[in-house]
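Take a look at the structure below.
Chain letters run A, B, ... following the sequence lines, proteins first, then strands; residues in each count from 1. Predicted model, so just to flag it, every value in this text is computed and none were measured.
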There are 2 protein chains.
Amino acid sequence: MPPTIAQSAAQGHGPLYKEVKRLLTQSLIEREWAPGVALPSETRLAKRYGVSIGTLRKAIDELVAERIVQRHQGRGTFVATHNANRLLFHFFHIVGRDGHQAFPTTQTLHFRCAKATEDEAQRLGLAAHAKVLRIRNLLSLEGQPVIVDDIVLPQARFSDLTAQRFKQRDNTIYHLYQTAYGINVVRSSERLSAVLATADIAALLKIQQHAPLLAINRTALTYRDAPVELRRSLVNTTAHEYHSNRGKEQSAG
Amino acid sequence: MPPTIAQSAAQGHGPLYKEVKRLLTQSLIEREWAPGVALPSETRLAKRYGVSIGTLRKAIDELVAERIVQRHQGRGTFVATHNANRLLFHFFHIVGRDGHQAFPTTQTLHFRCAKATEDEAQRLGLAAHAKVLRIRNLLSLEGQPVIVDDIVLPQARFSDLTAQRFKQRDNTIYHLYQTAYGINVVRSSERLSAVLATADIAALLKIQQHAPLLAINRTALTYRDAPVELRRSLVNTTAHEYHSNRGKEQSAG
DNA sequence: AAGTGGTCTAGACCACCAT
DNA sequence: TGGTGGTCTAGACCACTTA
């Protein structure tokens, strides 16, 4: 048999299914398959890459584990889309002290263009003093203000994003990135600490100055761990908590 | 062919590899294979359960994803043990603001027997007013006190645990549970919030009263999500942060 | 009825480790 | 050298969805 595409591309390095995964990821990056649409069937993909179904499935298994694609028996394999459920399960970790989880309502307070700080530029992989968008949102749960979000975006990748367009989205912020800017947030890295409320934050959250707040510093990442957004959330944890459930749902059912 | 053990046990319900996983987990619970020792080879296990290697491997794949067993090519598959590395990777989420992670030193301040509160009994699945052990530890990083841990254990499962034995352990606390009491903590569920330091905690951490602290409420779980320990950690996040890295390392490489 | 993903099998070959 | 897990294959059959 002549060498297949996948075999020659692999050049003998590493497992074949990793190379297939790399090719699938590349096609996702290039938007060969857009969010929400079905990939070709496993049979077709296996033929395309010149591998067996088992090998193809092992590559897709990893993309499923990373929540980049979703399988639906009888229907097909789909590129994951950002929606309310995905937000609540994988990106919004705030729950009520009774365990109840609610979808937050958002009010945009600021929308500004500015220059990145040294730290921001470094964390976003931008040149020093590159332009960024700064957005401040107030998030409410069941009518009460609970979170102040400060978002930093690289202006170059969101060049025509305006305050109006941002506010007029009818879905999650990551859905907007995904559909309007071709930027697919696939995971995030977060660092948490405790701080005291400053006067301005206290006013927004309707709490006393120097009340304790949970600070969440998040970097949102797209394919191959490229950073696309910085976000600092200040959370009033009087009636809510941050939920970190590791293990079960993260890996296997 | 006559029906195999696994097939008859499954009674036609659900996938065969899930039933194999259940049988493997049962053997782990019953300590047929103790922590640190190798399971029988995949070939042997496949014969034992009357399934193919592929099916057996799929069952073990899930146990590996849940970090209950570890595979080592050429050597075998081993029951995971609790050690410093496992603690740092999967249970101790505090890192320096520079990203550096250090192993904490522990000083035991209290070791008491008491009755469970209503909430504790409920969270540990105990009868009301059941006996519990209350342990307070002061954790230091690079010589500085950073965390106060309050641990609650069901006394029944740790009946002969004394303060001396607890202090004299030469490894992690979960290692002690695993080796001395046959209790294998496999994952944890955590809720985080921000609080103000009380006078006693402030004194221990050498900070001012009313300084902000990160509060981590953890439930440690063993096989099949049975709760075995409650722990409340109060963390001075002046020089350290809580690191929540979801996705990559949790699921697939 | 046709097409999809989900499960299961049997076997080959490779990479790695202990002896 | 023999045993282990790691990869890859080819195919059968099942469960589910859509039309």
- Query: CG of B:Leu56 versus P of C:dG11: gap in Å, rounded?
  - Reply: 16 Å

- Message: Closest approach to the side chain of A:Arg71, judged atom by atom: which nucleotide of C:dG5, D:dG5, D:dC8 is it?
- Response: C:dG5

- Message: I need the NZ-P distance between B:Lys18 and C:dT7, as an integer number of Å.
- Response: 8 Å

- Query: If you look at every strand shown and take non-hydrogen atoms under 4.0 Å, does A:Thr77 touch a base, only sugar-phosphate, or nothing?
  - Reply: sugar-phosphate

- Note on the structure: Considering only heavy side-chain atoms of A:Tyr17, the closest of C:dC8, C:dT4, D:dC8 is D:dC8

- Tell me which nucleotide among D:dC8, D:dG5, C:dT9 gets nearest to the side chain of A:Leu16. D:dC8

- Do A:Glu229 and A:Tyr177 get their side chains close enough for a donor-acceptor pair, meaning under 3.5 Å? yes

- Interatomic distance where CG belongs to A:Asp61 and P belongs to D:dG6 [whole Å]: 15 Å

- Message: With a 4.0 Å limit, can you tell me whether B:Thr55 has a side-chain N or O closer than that to the phosphate oxygens OP1/OP2 of C:dT7?
- Response: no

- Please confirm whether the backbone N or O of A:Val185 pairs with a side-chain atom of A:His82, one donor and one acceptor, at under 3.5 Å? yes

- Query: Starting at CD1 of A:Ile53 and ending at C1' of C:dC8, how long is that distance when rounded to a whole Å?
  - Reply: 14 Å

- Message: For B:Gln101 and B:His243, which I'm curious about, is there any donor-acceptor pair between the side chains at under 3.5 Å?
- Response: no

- Query: Using a cut-off of less than 4.0 Å, is there contact between a side-chain N or O of A:Lys58 and OP1 or OP2 of D:dT7?
  - Reply: yes

- Check every atom of D:dG6, C:dT4, C:dG5 against the side chain of B:Gln73 and return the nucleotide holding the closest atom. D:dG6

- Query: Looking at A:Arg57, does any N or O in its side chain come under 4.0 Å of the phosphate oxygens OP1/OP2 on C:dG5?
  - Reply: no

- Could you work out which one of D:dT9, C:dG5, D:dG5 sits closest to the side chain of A:Ser41? C:dG5

- Query: Taking CD from B:Glu42 and P from D:dT7, how many angstroms apart are they, rounded to a whole number?
  - Reply: 11 Å

- Message: Whole angstroms only, please: what is the CZ-C1' distance between B:Arg75 and D:dT4?
- Response: 11 Å

- Task: Find the distance between CD1 (B:Ile135) and CG (B:Asp149) and round it off to the nearest 0.5 Å.
- Result: 10.5 Å

- Nearest-angstrom distance from the residue atom NZ of A:Lys21 to P of D:dT7: 12 Å

- Name all residues meeting the side-chain hydrogen bond (donor to acceptor under 3.5 Å, both in side chains) criterion together with A:Gln178; count only those two or more places apart in sequence or in a different chain, and write none if there are none. A:Asn184

- Rounded to whole Å, NZ of B:Lys47 lies from P of C:dT9 at a distance of 15 Å

